[in-house]
Each structure stands twice: as C-alpha cells, then as structure tokens.
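As structure tokens, the structure follows; a few thoughts come after it.
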Amino acid sequence: MRAAPTILHLDMDAFYASVEQASKPSLHGKAVIVGGLGPRGVVATASYEARRFGVHSAMPTAQARRLCPNGAYLIPRFTLYRQVSDVVMAMLRELSPLVEPLSLDEAFVDLEAGGVAFDAGSARATGERLRADIRAATGLSGSVGLAGSKMLAKVASEEAKPAGLLLIEPGTERELLAPMSVRTLPGVGPATGEHLRRAGITTVGELVEAGEDELVRMVGRAHGTGLYRMALGLDDRPVVAERDAKSVSVEDTFDVDLHDRVRIRGEVQRLADRCVQRLRGSGHSGRTIVLKVRRYDFSTLTRSETLRGPTDDAAVVREAAARLLEAVDTTGGVRLLGVGVTGLADYTQEDLFAQSLAAEAEAADEGGGGDGTAGTGTGGAAGGAEPEAAEGGAGVQEVAAPSAEAQEAPERRWAAGSDVRHVLYGPGWVQGSGVGRVTVRFEQPGSEPGRVRTFRVDDPELEPSDPLPLVGDTHTDTD
C-alpha cells in the first residue's frame, strides 16, 4: 500500500458499444448491443441505454433481444476497437513507463514511476487531464480510479462509472469498502459469493468482522488469507509494464451443430489460417498447436501437438490441426471449434518443416474442399471470437456444391454493423439484410444522422469498406 493515491486505473465506458455509437451518429443515445447475432450469440458489450433494460455482457443475445427488442444489434469490429485502444494506450504510456494493460479498454498506470503525480492533488489533476485528452482524441469517455493499490484503484473506477473520477485517500479504504458487496473484491465469483452468503456474509465489512481464521475455515488457507487482506484494503501488487503473450487462439461457435466431416475439416483449416494471421500480427511464432472441439452435448475436448521448433507457417499449422482432428470423434455433432498456438517465440525455424509442402499438396488435391463457403462460421462466438457470418446463421447451413457460375459470383453476405462504401452515396454501415436485399445507412463519425437506402445484395456499386476514424476530417461529399 502506498501513502499516496498514485496508482491509476482506467476503464473505458461500455467500450465496444461506445465506439459504435461514436461512429454511427444515428445511434447516439440509443440502446446498442455488440456481440454474436445468431441464436447462440453472446453479448460482448451493451451501451448504458441497453443496460436499463437489463442487458449485460455475457448474456445470450436471444435473451437480450427479448429484454430490448428495439435495440441495435451489431457485430463486433475488432479492427476498429484495436485502433482506438492503441490511441488510448499510447496516452497512458506518455504518463508513465509502467502501464499494465488488462484488455483493449482497461489498464493500470503507475503515476509515481512516470513522475507525474506524488500526492492526491497531482494525481487528481493527472486523472482529469487524461479523461479530457481521451475525449478529445477519440470522442469517448473513460472512468478513472486513483488509489494507493491496484485493487482499490479498480474499485474506484468501477464506482466512478460512467464518465467519472474517484480518488480514494489512503486511510479511508476500510470505511469505503465496508458497505460494498463481497463480489466487489477480486476473486470473489458467483460460487464464492453464494458460499459466503449462506454463511451470512454479504458485505466487505462482514468479511472483516468474521476474521481471518473463520474465512480460512470456510474457503481454505490461501483464499481465506487473501480475502481477508483484500477486505482490509491491503494489496501490495506492483504495476507490471509488460505481460508476455502465452498463446494465440481463435474459436467459433456455430448456430447449428456441424455433422459433415468435410465441413468440419474445412472450418478447422479456416481457423488455422486466422490463428496464423494473429500469430504473425503479434510478431510471434509458436511450437505447440492446440485443437479445441466442443461437441453437441457440451463436452469439450482439447488435443495438442508439439512441433520440433516454432513456426508461423500457415500450412504447417493447418496440417497439424488436421492431424489432431482425425483423433476426435465428431459423429454426434460439433457446436464449437478452436485452433490455438502456444509455446510462443519471437523467431521461426521454417527449415525444420518440409512437411508444409505436403500440406500444401494435400490442400491442392482437395481443391479447397470444405472451405468453399467463404464467410461461414458463427452467429457470434463466446469469449471474444470475431463473428464472420451474417445474422441468422446463414453461413452454417449445409448446401449442395455450387455450380461453376455460382463459384464465379458467390452471393455476398452483409452483417449488421459492418462498414460499406457506395460509389454514389459514400461511406455507411449495414443496418440489416435478408431476402436478397441489404439496407444501409449512409453516415460517418461527426456527420448528421444519415439516410437509409436499400440495395440488392449483389449490387456492384456497394462494397465492404474499412472503418473510418472516430475523430478527424472524415467527411466526404456525397449525393
């Protein structure tokens, strides 16, 4: 514990949903839900307007639709979220060399290590300035907590939401924590919370009154001792500047269980390619390939293979994943597939992998079999997987092999929330699609709410587009 509140915790407010509202003027002040859109989709983030209806993160999208039927349901746009996150994290690193990111929208900062704050007054001024700078650079709001420890700084930012700042003066921790729910403390999840509730303990103050010995008896020595210290507001963990990535993985949950073995193999190949893209994007290679299969009965199987050296060769990863799949029984149906790479390194040993040539030859023999349905996949994968299919699971229906003409001009699918550009009307975003039509609202960050127009899904003048920046001169003349 520090004698001054110089540890800062920043948490961007309803980050994914706020980015969508900022980039789509017609959604300002509206209920926005970001996540998987299919029957098995899960909410990633809900705007504060949607939360008033009871919608929250990790809720099934189907349940969210029942609670908030008029909300805007959008796929995640992780490319844009990462761009905005990079801007925010760069601001934090200007404050201190000790920045500990927890996710795209959350981080701890050691202000004292950066020489920008040594007492409550300077810490508060730094926090307020940071919030203003983030608003100016991104148009978004963030909540800031300041305290003498990481745990208390995180508690403070949560209490400050939305768009606020709370500073906890050292010496006032116990008074502040006492009336709060035990679930406020890190490590107290639903199971531990329920266990404590049955013992008559629902607040942090009641944890302190119970005493360390009683907590050790109830939940074990390691957890009980740590729980008691947190209840007292004691936390000596330092801000850690860098966290080395331990693995890279992608996974998709399917709207309809997959039974076709060829289709399953194709999905695994596609996931392997996506995984390698992320692997290369992080500047790593990996040695151990991991396959995850969740079957129709929710049983989850994990298989892994360790190569002779690290690689970032897509053909090698595809081949290893295919071998792992051969050892898995999928006859009852598959609801989730995932491919990951662990044992990361910052170099490759491609000379060790002559088998990649065999993998490429095998793929050529199959003619790309099983992966001919581009854009297939998920109705929204849990755990942050990036959905790639349109709403309703159109990408997961088993279909006959396409004709040569169909292969030349496959039907395009437009997911709600995705970016597009029209030759005449300029940039916009997809509001919805179906029955051969796609509806687009033409607007951009900083503009007035735009007009809605409908096109054929194969309109040659309508194309997918990259996201526009949230702040800056994004306006273009349109008819």
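The chain is numbered in sequence order, starting from 1.
Both the sub-6.0 Å distance and the 45° axial angle are satisfied by R453 relative to the ring of Y425.
Looking at every heavy atom in both residues, G233 comes nearest to M151 through CA-CE, 4.0 Å. Heavy-atom minimum distance, C275 versus V248: SG-O, 3.5 Å.
Annotation: E175, atom CD; neighbour count of heavy atoms from other residues, nucleotides and ligands within 6.0 Å does not exceed 12. Around the CD atom of E448, the shell of radius 6.0 Å holds no more than 12 heavy atoms that belong to other residues, nucleotides or ligands.
To the nearest 0.5 angstrom, T6 atom OG1 is 9.0 Å from L146 atom CG. Annotation: the span from K154 atom NZ to H9 atom NE2 amounts to 4.0 Å, rounded to 0.5 Å. Going from atom CZ of R40 over to atom CG of D252 covers 13.0 Å, rounded to the nearest 0.5 Å. In this structure, CG in L8 is found 6.0 Å from CG in L130, a value given to the nearest 0.5 Å.
Side chains of E443 and S26: a donor on one and an acceptor on the other come within 3.5 Å. For the residue pair T202/E206, the side-chain donor-acceptor check at 3.5 Å is satisfied. Under 3.5 Å, the side chains of D13 and S141 contain a donor-acceptor pair of N or O atoms. With hydrogens and angles left out, the side-chain atoms of E214 and Y228 include no donor and acceptor closer than 3.5 Å. Side-chain atoms of R65 and T61 include no donor-acceptor pair closer than 3.5 Å.
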Step by step, would you call V239 with V99 a side-chain contact (heavy atoms from CB on, under 4.5 Å)?
-> CA-CA 7 Å; V239 176; V99 175; 6.0 Å; no

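The side-chain hydrogen bond (donor to acceptor under 3.5 Å, both in side chains) test with E49 singles out one residue from K30, Q21, H28, and that residue is Q21.
For R2 (side chain) and I7 (main-chain N/O), no donor-acceptor pair under 3.5 Å exists by modelled atom type.
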